[in-house]
Number of protein chains: 2
Amino acid sequence: MTVARTPTGAVPPRGRRAGRSAGDDREAAILATAERLLEQRSFGDISIDDLARGAGISRPTFYFYFPSKDAVLLTLLDRVTAEADSAGGDVLDRLAEDPRARWRELIGRFHATFGAHRAVVLACAQVRGTNAEVRRLWADVLERWVQAVQHAIEAERRRGAAPGGLPARDLSIALNSMNERVWYATFADDGPAVAERDVVDVLLDVWLTAIYRDTAPPPA
Amino acid sequence: MTVARTPTGAVPPRGRRAGRSAGDDREAAILATAERLLEQRSFGDISIDDLARGAGISRPTFYFYFPSKDAVLLTLLDRVTAEADSAGGDVLDRLAEDPRARWRELIGRFHATFGAHRAVVLACAQVRGTNAEVRRLWADVLERWVQAVQHAIEAERRRGAAPGGLPARDLSIALNSMNERVWYATFADDGPAVAERDVVDVLLDVWLTAIYRDTAPPPA
DNA sequence: GGGGACAGTCAACACCCTGTCGACTCCGCT
DNA sequence: AGCGGAGTCGACAGGGTGTTGACTGTCCCC
């Protein structure tokens with residue numbers, strides 16, 4: 001991971017110019033309120049008035065800081081995104097050392113990172129259907145994971161550790177999609193889910209068999 | 001498949017009693033309008049007024065037939081659900097004949113069934129986050145697929161065609177989750193997707209390796 | 001054939017939420 | 001003193017939902 005991120009044009013703080021100012025506190029207060037409320041109610045059940053009140057300002061003033069409710073979520077997502085991008089770290093560069101452990105670490109980090117911002121991620125999943133910007137930003141995050149894994153698979157194949165088969169990109173998409181959906185079911189109580197403590201191991205098992213096509217742990 | 005469906009309590013036609021009546025036409029008109037409009041705009045962009053006008057009635061009259069916009073979608077989903085439940089057919093009962101072909105058929109039908117009601121399914125995915133009933137109904141559909149596949153995996157293991165490994169249920173959940181998410185990405189333009197014509201084959205490949213843990217086609 | 005019962009219909013209302021406008025304050029700077 | 005911009009909000013316009021109450025037609029039973 002640690003993939004180059006396309007500059008997201010991350011909702012510039014509309015009004016003010018650079019440097020400290022009272023507005024920075026308000027902006028932070030709005031974001032904090034949003035994150036707090038999202039842990040209690042769904043995104044749709046939070047009104048702009050709620051966010052404004054929570055930050056100690058009136059509703060019109062909210063619009064001074066953000067153009068819409070969605071923009072707040074987008075900013076929140078932007079943080080998670082940044083974290084997710086670095087979460088992979090250089091794990092996949094050191095695959096040859098101990099493939100099983102490295103893949104497990106990767107999947108574990110995926111879950112841990114998103115789990116740490118559970119409320120925000122769930123809200124994004126909810127809004128993704130209606131908001132094109134959130135959809136795009138989310139797709140970008142996924143795309144970077146997909147590419148990182150794709151390259152790792154190709155590297156494993158090159159060094160003879162993994163056999164050929166599906167195009168590495170397709171395989172990577174399928175596996176990452178699985179992880180995303182399983183993560184979602186685990187935290188959103190939406191559909192059949194694997195027990196939370198087993199999630200990583202279940203996914204790992206499918207990953208390893210799909211990539212190495214073998215029951216035995218991949219060769220070191 | 002052809003699993004026993006829990007009676008869904010499928011939004012009883014509130015007002016009228018049994019037998020033909022003018023209201024049945026209206027109700028059908030509302031549903032038809034909804035399905036038609038969903039192919040053009042997102043669920044959120046369709047107002048109750050749109051549905052009413054489309055069915056040739058006024059907005060208050062709409063409420064005579066459905067308690068809310070969501071209820072319309074729920075009814076639509078109910079149809080898809082019924083279709084999805086029978087889509088599997090007895091495919092999995094005849095696995096021993098030609099496992100690879102049977103599994104492929106199953107995955108293909110999954111895609112075809114949902115693809116045939118693409119607009120409705122996408123709308124449901126969108127609303128799932130906010131509407132508990134849709135979420136539950138959807139979870140039920142998934143649960144039945146998961147169980148059917150789980151039993152098939154167990155049968156394959158019993159007859160010695162597939163080796164043990166993950167609990168069959170966990171494996172089934174993971175694989176079905178993958179299918180759902182990949183389907184979604186394919187049709188919703190949301191995240192990295194596999195080329196549509198390859199989808200079934202990619203998924204099939206992961207399924208077979210995960211279930212049979214072998215590159216070779218499973219023994220007949 | 002008069003009268004209840006009920007399907008079916010809608011204008012009008014109450015309500016909530018979003019987004020905007022214009023006027024206001026406060027503060028630093030010149 | 002007075003200009004300009006950050007920061008603030010009351011009040012409005014607009015669009016959506018859900019409800020009420022009054023109206024029409026029709027069937028059916030006495």
Side-chain angles (χ1 to χ4, degrees), chain A residues 11-34 37-38 41-75 123 126-127 129-134, chain B residues 11-34 37-38 41-75 123 126-127 129-134:
Chain A
V11 191
R14 295 204 312 158
R16 291 134 309 115
R17 52 199 58 186
R20 285 280 120 219
S21 84
D24 289 335
D25 296 339
R26 294 284 130 84
E27 195 173 320
I30 293 174
L31 291 169
T33 303
L37 290 183
L38 275 177
R41 327 175 219 162
S42 85
F43 187 69
D45 290 338
I46 298 171
S47 73
I48 290 183
D49 203 52
D50 293 333
L51 297 179
R53 301 270 160 218
I57 55 179
S58 72
R59 205 168 52 79
T61 300
F62 167 92
Y63 287 99
F64 182 82
Y65 295 101
F66 293 94
S68 69
K69 206 171 61 164
D70 284 9
V72 176
L73 186 58
L74 215 53
T75 305
Q126 202 176 111
V127 173
T130 47
N131 184 309
E133 283 205 84
V134 170
Chain B
V11 192
R14 296 205 310 157
R16 291 133 309 113
R17 55 198 58 186
R20 286 278 121 220
S21 85
D24 289 337
D25 296 340
R26 294 285 131 83
E27 195 173 320
I30 292 173
L31 291 169
T33 304
L37 290 183
L38 275 177
R41 328 175 216 160
S42 84
F43 187 68
D45 289 339
I46 298 172
S47 73
I48 290 182
D49 204 53
D50 293 333
L51 297 179
R53 301 270 159 216
I57 55 179
S58 72
R59 204 168 54 78
T61 300
F62 167 92
Y63 287 100
F64 182 81
Y65 295 101
F66 293 94
S68 70
K69 206 171 60 166
D70 284 8
V72 177
L73 187 58
L74 215 52
T75 305
Q126 205 176 109
V127 173
T130 46
N131 185 308
E133 284 205 83
V134 170

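All of these numbers come straight from a predicted model, not from anything done at the bench. Letters go in sequence order (proteins before strands), and every chain restarts at 1.
Atom CG in B/Asp25 sits roughly 15 Å away from atom C1' in C/dT9 (whole-Å rounding). Protein atom CZ of A/Phe62 is 13 Å distant from nucleotide atom P of D/dT8, rounded to whole Å. Computed from coordinates, the A/Asp70 CG to C/dC17 P distance equals 16 Å when rounded to whole Å. As a whole-Å value, the separation of B/Ile57 CD1 from C/dA7 P is 16 Å. Remark: P of C/dA7 and CD of B/Glu27 are 14 Å apart, rounded to the nearest angstrom. C/dC24 atom P lies 19 Å from atom CZ of A/Phe64, rounded to whole Å.
For the residue pair A/Ala34 and A/Leu51, the shortest heavy atom distance occurs at CA-CD2, 3.6 Å. Of all heavy-atom pairs spanning B/Thr75 and B/Phe66, the tightest one is OG1-CE2, 3.6 Å.
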Checklist outcome for this item: For nucleotides 12-25 of chain D, 5' to 3', base contacts (B), sugar-phosphate-only contacts (S) and non-contacts (-) with protein non-hydrogen atoms under 4.0 Å give -----BBB------
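For the pair B/Tyr65 and C/dT9, the criterion of a side-chain N or O lying under 4.0 Å from OP1 or OP2 is met. Under 4.0 angstrom from either OP1 or OP2 of C/dC10 there lies at least one side-chain N or O belonging to B/Ser58.
Sorted by first and then second residue, the salt bridge (Lys or Arg N to Asp or Glu O under 4.0 Å) pairs involving residues 42-56 of chain A (not counting sequence neighbours) are A/Arg41-A/Asp50, A/Asp49-A/Arg53.
For the pair A/Leu73 and A/Asp70, the minimum side-chain heavy-atom distance is 4.5 Å or more.
When atom types are taken as modelled, the side chain of A/Lys69 and the backbone of A/Ile46 share a donor-acceptor pair closer than 3.5 angstrom.
Every side-chain contact (heavy atoms from CB on, under 4.5 Å) that A/Ala55 has, sequence neighbours left out, goes to A/Ala29, A/Ile30, A/Thr33, A/Ile57.
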